[in-house]
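Note that the coordinates shown come from a computational prediction; the quantities given were computed from them, not determined experimentally. As the structure lists them, so they are numbered: ligands from 1, and atoms in each ligand from 1. Because only heavy atoms are used, hydrogens play no part in the values below, and waters and symmetry mates are left out as well, while side chains stay in.
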Amino acid sequence: MTKIVKKVVKFGGSSLADASQFKKVRDIILADPSRRFVVPSAPGKRFKDDTKVTDLLLQAQAASAQGGDWESVFSDVEDRYRGIISDLALDVSLEGEFAEIRSRLVTGCTKDYAASRGEYLNGILLAAYLGYEFVDAASVVFFDGDGVFDSVKTNRVMGHVLESCENAVIPGFFGSGADGEIVIFSRGGSDITGAIVARAVGADVYENWTDVSGFLMADPRIVENPKPINIITYRELRELSYMGASVLHEDAIFPVKAAGIPIHIKNTNDPSAYGTRIVASTEQYQNEYIITGLAGKKSFSLINIEKDMMNSELGFGMKVLKVLNDMGISFEHLPSGIDTMSVIVSDSAIKGREREILSRISALVSPDNIDIEKGIALIAVVGRGMIRTQGTACRVFESLAREGVNVRMIDQGSSELNIIIGVEEKDFETAIRTIYSEFVQR
Ligand code: ASP
């Protein structure tokens, strides 16, 4: 007997920005009957300077709270939906919904309620257009009294409700709190709803449709035409996302990762492109390159500490970190030598507090030398292919030396999944391009 495949598909705001995008979305969904559960975002930007519906709704709420002109902003929202309805010749009316939202705006609704209406209204339209059932997220996604997502209750109730649905549209981004009021996830949160639905229905795959063909091996603003990443593990993705490569809301990973459901990033505007598949383990997939991707960020500082015989001074590192801890500063990396230790922190975490840091560490550990060096960029070279592959680090550093890039810091985690390199900010772009070309044949 062949297994019946179940897919959850989430479409981002740009995929549903207007009627022509709605058509693409419908074609994609109807092309595969296993695409049974659909999670839409609110209409996004149609062109560069356009405003997302979520932002318009937040503007309307803010204007109403300040006694300003919220009505003109809200009519823009209504017009966006009316335009989609008439362009698609949909036999559906949102006028009753608009009246309800207007009355809530007049009496002072919460930001969360206002922001959530973009997805809510879009969900009604998409369900009507597809002929799918509409399931209000407020009845299946729950937050506790502190506004924290309640995954146990959500999974139970949503699983039960969707079990009896052949097909359904569940709007992304929001749910209801302990008092029944609407609560939203952070911005971009429809990605999270999609992951939650995938877990609740036990999907075989969570397809996340957006406006790019998945992740690229490097930032296209730095490397010309970087290759796409076809397969990546959750752990590699976490390393790259932390360093700034982002397509997906970070919190969207956890529900599906726990359930062992792969995520497939696809492009609504180019459905035939493979996209990126995010999986738990890639044992069955062979990667073409040793490295999976490269990402990096500027604006870090090194706190360099030197002291003779540091290595034999018990508790030295702990005292240094205690100072940072007491000042509420979290550190990124901690490379150390026998008599030297450096702590890498982001510039923003220490801004204006440099002198205090220096004097507090000096008072506690009496170093021979201590200074703060600014203008450091960090680059993460990530790849499961590096695990137990000899010579990878050597290739990274040799290629950088050839290009005259001075490496200020190296940190390789014990997992061997990544090598973190610190360079001066002026060398950042050169370093990324150099490492990319070393590992990726063009
Ligand atoms: N519409 C919301 C936002 O703009 C949520 C989402 O698109 O995922 O952030």
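- Under the 4.0 Å criterion applied to side-chain N and carboxylate O atoms, Glu438 and Arg395 are assigned as salt-bridge partners.
- For residues 115-138, no residue pair satisfies the salt bridge (Lys or Arg N to Asp or Glu O under 4.0 Å) rule, not counting sequence neighbours.
- One N or O on the side chain of Glu236 and one on the backbone of Arg384 form a donor-acceptor pair closer than 3.5 Å.
- Taking the ring axis of Phe428 as reference, the NZ or CZ atom of Lys298 does not stay both within 45° of it and closer than 6.0 Å to the ring centre.
- Remark: side-chain polar atoms of Ser213 are not paired, donor with acceptor, to backbone N or O of Asn267 under 3.5 angstrom.
- With hydrogens and angles disregarded, a donor-acceptor distance shorter than 3.5 Å links the side chain of Thr154 to the backbone of Phe142.
- Near ligand 1, residues Ser41, Lys52, Thr54, Glu119, Phe173, Arg187, Gly188, Gly189, Ser190 each place a heavy atom inside the 4.0 Å sphere around the ligand atoms.
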